[in-house]
Amino acid sequence: MEYPRKHDKFIAYGTAGFRTRAEELPHIMYRMGILATIRAKNVKAAVGVMITASHNPVVDNGVKLVDPKGDMLAHEWEILATELANASDEELDGMVQGMVKKFASDSDAPALVFIGRDTRPSSESLMDAVVMGVEKMGGTVKNFGIVSTPQLHYFVVSHNTNGAYGEPTEAGYFKKMSDAFKKFREIHPLNEKYANQVIFDGANGVGAHKMKVMKTYLEDSLKVEIFNSGEGELNYMCGADYVKVGQRPPDNVPLERGVKYVTVDGDADRVLYFFYDDSNTFCMLDGDKIATLIAGYFKELVSESGLALNLGLVQTAYANGSSTHYISENLKVPVACVPTGVKHLHHKATNFDIGIYFEANGHGTVVFSDIATLKIRNSQNDTSMTDKQIMAVKKLAILCDIINQTVGDAISDILLVESILYARGWSIEDWNKSYTDLPNRQLKVQVKDRNVISTTDAERRCQTPSELQDEIDAAIAKYKFGRSFVRPSGTEDVIRVYAEAESQYSADMLAYEVAVIVYNLAGGVGDKPRNPRC
């Protein structure tokens, strides 16, 4: 049989699809090729398969499916994916026949599957397994080769809208965004405080490859200097996850005061900014800062346009408490909190006419409802509107084309941030002054079984073990502005700990105390968490 199952490890389709060591994935890749074909027949549209493990180490890999609108795989199909991936070889044929009968009874229906992969050495052979699965079911493969995750999402929705969203090619992707970026600059005078240059950390992944191409489309509209462009190991001591978790700069990037830096992750769906201030202090502008920048500017444009559009922002428990307060109290923008995972944020964002969502890790985008899109498009030629209103509407329309609405897209998000900074005439220091983050710390605790912890209230409270939340609350009460929560990882047997407090010392100590509580009550293994101040 093609790609037999060689281990009995149970692997679930989580918020990031399947993700584990590359050598454990061949049979899963083959089966996801089968499932993608059934899904394409079921929805009568093209679907996507992306081979990537994002910010994970290079030894890992993964796969996730993309639905016809460029969004994440529907939840009920995630369950099917998990069942199919973990079936025995003997069960496989019967299970596939059952799925075909239930979901794709017209076996002759066409099925188009778009496939993309990241730069990992294992990705090409795993792609071959997906292709074989598609072809076994009579599907047709369109292989895009090495692309970023958000590019594949863009290709899928562009194809399924017959080009209404964009041209479903790499050239179409780059041209749509770069043309809009340059057009937006034409309607704004350059403010001297804005710096037309970024230093780009590519995590030694696909983001570096694609930013090199985007540079040729941007021409002189934005100067980009690229480091960690593929000469080193993927995600090793570089990339957005390394910078966010460690709150430190990536290796192999020249550091200077006042320079604007951006860092992306291995598949280019996350982005963070950072800089060094006059006192040579490392300052990070994460997904929360990006979200507030976008929300503030979009609220102004919506207000100036006079359009009746409902604007909202979606966060997770990882959002810094200061950002939530600033958004709700200063910007007066409604804030919703959902569990960790892009699918939860994206779904909630669609409840607004203009929904902005970002995880603190830098993954996010802006989505426009069909009603909002139509209003913005039609209002550009509304003779009853004032010149100021028309200008605001035109800006919204241009920004729509800069944004990849399907999923978080590091390159698209950079162009959006740079457009807003340009319009405001802000330096990165100006942006950073909008509000001050509470100091925070993230830790990981190894446990025997991460499923021993269950959560509620958008992952902000623990349900099990029963005594765990009381212990965490007692630790939080010791620290001014203290907040902490824990949640099981979606990809490995670790519990993730987040803590914030008035000072970095307090945040570090709170994180440490909560990590010890988790270790003691949730089956910690290996070394106990260490006191960071000892």
Side-chain angles (χ1 to χ4, degrees), residues 55-57 235-251 272 274 276-277 279-284 286 288 316-323 340 359-361 436-455 459-534:
H55 59 277
N56 279 37
N235 293 325
Y236 180 68
M237 300 185 75
C238 60
D241 191 64
Y242 175 82
V243 173
K244 174 62 177 174
V245 174
Q247 299 183 38
R248 57 195 169 193
D251 278 12
L272 305 171
F274 67 91
Y276 279 84
D277 65 13
S279 63
N280 210 33
T281 300
F282 174 79
C283 303
M284 179 174 60
D286 62 7
D288 296 338
T316 71
Y318 282 105
N320 193 278
S322 288
S323 75
T340 304
E359 293 183 287
N361 63 25
T436 302
D437 275 329
L438 284 169
N440 57 87
R441 179 66 63 196
Q442 294 184 43
L443 298 175
K444 294 194 294 187
V445 181
Q446 274 198 304
V447 292
K448 185 176 181 181
D449 178 11
R450 66 184 183 272
N451 296 311
V452 72
I453 288 184
S454 62
T455 63
E459 301 180 317
R460 290 176 288 193
R461 306 283 295 177
C462 287
Q463 287 184 304
T464 58
S466 57
E467 66 272 33
L468 182 59
Q469 189 60 54
D470 288 342
E471 293 286 338
I472 293 173
D473 288 342
I476 292 171
K478 301 176 186 177
Y479 298 95
K480 188 174 182 180
F481 301 135
R483 184 172 74 93
S484 183
F485 68 92
V486 303
R487 55 176 287 271
S489 166
T491 56
E492 53 187 328
D493 277 325
V494 300
I495 303 301
R496 300 190 185 278
V497 176
Y498 176 87
E500 64 185 31
E502 182 182 32
S503 67
Q504 191 62 61
Y505 172 81
S506 295
D508 290 346
M509 291 305 297
L510 177 56
Y512 161 69
E513 289 187 32
V514 172
V516 171
I517 292 168
V518 169
Y519 186 94
N520 291 337
L521 297 181
V525 296
D527 296 334
K528 273 195 171 185
R530 294 182 180 179
N531 188 326
R533 300 295 174 170
C534 291

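- Within the 4.5 Å cutoff, the side chain of H55 has no heavy atoms near those of the K244 side chain.
- Pairs passing the salt bridge (Lys or Arg N to Asp or Glu O under 4.0 Å) check and including a residue from residues 511-522, sequence neighbours excluded, read K478-E513.
- Pairing each heavy atom of C462 with each of L468, the nearest pair is SG-CD2, 3.8 Å.
- Here the side chains of Q504 and R441 are in contact, with some heavy-atom distance below 4.5 Å.
- Annotation for A507 and A501: closest pair N-CB, 3.7 Å, computed over non-hydrogen atoms.
- The line from CD1 of I495 to CZ of R487 is 9.0 Å long, rounded to the nearest 0.5 Å.
- By the side-chain hydrogen bond (donor to acceptor under 3.5 Å, both in side chains) test, N361 is found to be paired with no residue, residues two or more places apart in sequence or in another chain being considered.
- Listed by chain and residue number, T456, D457, Q469, D473 satisfy the side chain to side chain contact (heavy atoms under 4.5 Å, CB included) test with R461 (two or more places apart in sequence, or in another chain).
- Side-chain contact check for N320 versus E500: some heavy-atom pair is nearer than 4.5 Å.
- Contacts of E502 classified as salt bridge (charged side-chain N to carboxylate O under 4.0 Å, His left out), with partners at least two apart in sequence or in another chain: K480.
- Looking only at distances, a side-chain donor or acceptor of D493 sits under 3.5 Å from a matching main-chain atom of R450.
- The closest side-chain heavy-atom distance from N235 to Y242 is not below 4.5 Å.
- Under the 4.5 Å side-chain criterion, counting only non-hydrogen atoms from C-beta, Q442 is not in contact with Q247.
- A distance of 6.5 Å separates OH in Y505 from OH in Y479, rounded to the nearest 0.5 Å.
- A pairwise comparison of heavy atoms in A515 and V497 identifies CA-CG2, 4.2 Å as the closest pair.
- I517 approaches A475 most closely through the heavy-atom pair CD1-CB, 4.1 Å.
- Within the 6.0 Å centre-distance limit, the rings of Y318 and F485 are counted as a close aromatic pair.
- The number of heavy-atom neighbours closer than 6.0 Å to CD of Q446, taken from other residues, nucleotides and ligands shown, is 12 or below.
- Taking CG of N440 as the reference point, atom OG of S506 lies at 12.5 Å (rounded to 0.5 Å).
- In this structure, the side chain to side chain contact (heavy atoms under 4.5 Å, CB included) partners of A499, at least two apart in sequence or on a different chain, are S484, L510, A511.
- Rounded to the nearest 0.5 Å, atoms CD (E467) and CD1 (I472) are 10.5 Å apart.
- Put simply, the side chain of V243 reaches to within 4.5 Å of the side chain of F282, judged on heavy atoms.
- Across all non-hydrogen atoms, the minimal contact from F274 to M284 is CB-CA, 4.1 Å.
- Not one N or O on the side chain of T455 forms a donor-acceptor pair closer than 3.5 Å with the backbone of R460.
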May I have the list of side-chain donor-acceptor pairs in residues 521-532 shorter than 3.5 Å, sequence neighbours left out?
residue	atom	partner	partner atom	Å
K528	NZ	N520	OD1	3.4
N531	OD1	R533	N	2.9

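- More than 12 heavy atoms of other residues, nucleotides or ligands sit less than 6.0 Å from atom OH of Y276.
- The shortest distance between side-chain heavy atoms of V486 and I453 falls below 4.5 Å.
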